Amino acid sequence: MEEKEILIKLGHLLDEERIEHSIGVKECAAELAKIYNEDVSKAAIAGLLHDCAKGFDDHQLIQKSKEYNVKLDPISVLQKELIHGPLGAKIAKHLFNIKDKDILSAIEYHTYGRKDMTVLEKIIFLADLIEPGRDYPGVEKLRALAEKDLDRAVLKALDNNIIYIVTKGQLIHPNTIEARNYIIKELFFEKYE
Ligand SMILES: [Fe+2]
Ligand SMILES: [Fe+2]
């Protein structure tokens, strides 16, 4: 599917603001893909589609999850906005005809991450948080770090997310903890195998 066609379809699912964010993530992901030798067009498509299920309300998220056979974990059932990642991957597959497994997993895990993330997953996870439309304390620092060191930037972003979730009194998805532990082990602990 051409980018133009994707944008027209996305227009039926997302409001103007979310479309702008998606285009920002697309552009940012493409830039990061160039830096880290990842497939630029895969990064662009994953960036454009990462939030394709973000327009649904809680009721629709549950309904669509049944329809598309998304297995809901106990945290996502309670913290329903988390569902838009895995549901988005199914929608990208069935509505946008995306077959590429790398793109689909980058969409699936863009919200809470997972241990041993692929480069494309890391790129989409970060691009979502540093695209040009994002404005929060520390975003400039994270942007600079993302261009220099992908893993350290992902770690910083995971830390930010966890701190934010805690201040909001929300539930932390176990994948986020596993993603952080994994990167810390990779970065700072020697391997004895
Ligand atoms: Fe999202
Ligand atoms: Fe997003």
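What you see is a predicted model; the values in this text were computed from it and never measured. Note: hydrogens, waters and symmetry copies are ignored here, and every other heavy atom, side chains too, is used. We count ligands from 1, going down the list as the structure has it; atoms in each ligand are counted the same way.
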Checking [X] side chain against [Y] main chain: does a donor-acceptor pair fall under 3.5 Å?
| X | Y | value |
| --- | --- | --- |
| Tyr112 | Pro174 | no |
| His50 | Gly47 | yes |
| Glu67 | Lys64 | no |

task = Would you indicate whether the side-chain heavy atoms of Ser41 and Asp39 approach each other to under 4.5 Å?
result = yes
message = So which atom in Met117 and which in Glu121 form the shortest heavy-atom distance, rounded to 0.1 Å?
response = CA-OE1, 3.3 Å
message = Which of the protein's N, O or S atoms come within less than 2.8 Å of the Fe ion (ligand 1), not counting waters?
response = Asp51 OD1, His84 NE2, His110 NE2
Side-chain donor-acceptor pairs under 3.5 Å in residues 69-77, sequence neighbours left out?
unit_1	atom_1	unit_2	atom_2	d
Asp73	OD1	Ile75	N	3.0
Asp73	OD1	Ser76	N	2.8
Asp73	OD1	Ser76	OG	3.2
Asp73	OD1	His173	NE2	3.4
Asp73	OD2	Ser76	OG	2.9
Asp73	OD2	His173	NE2	3.0

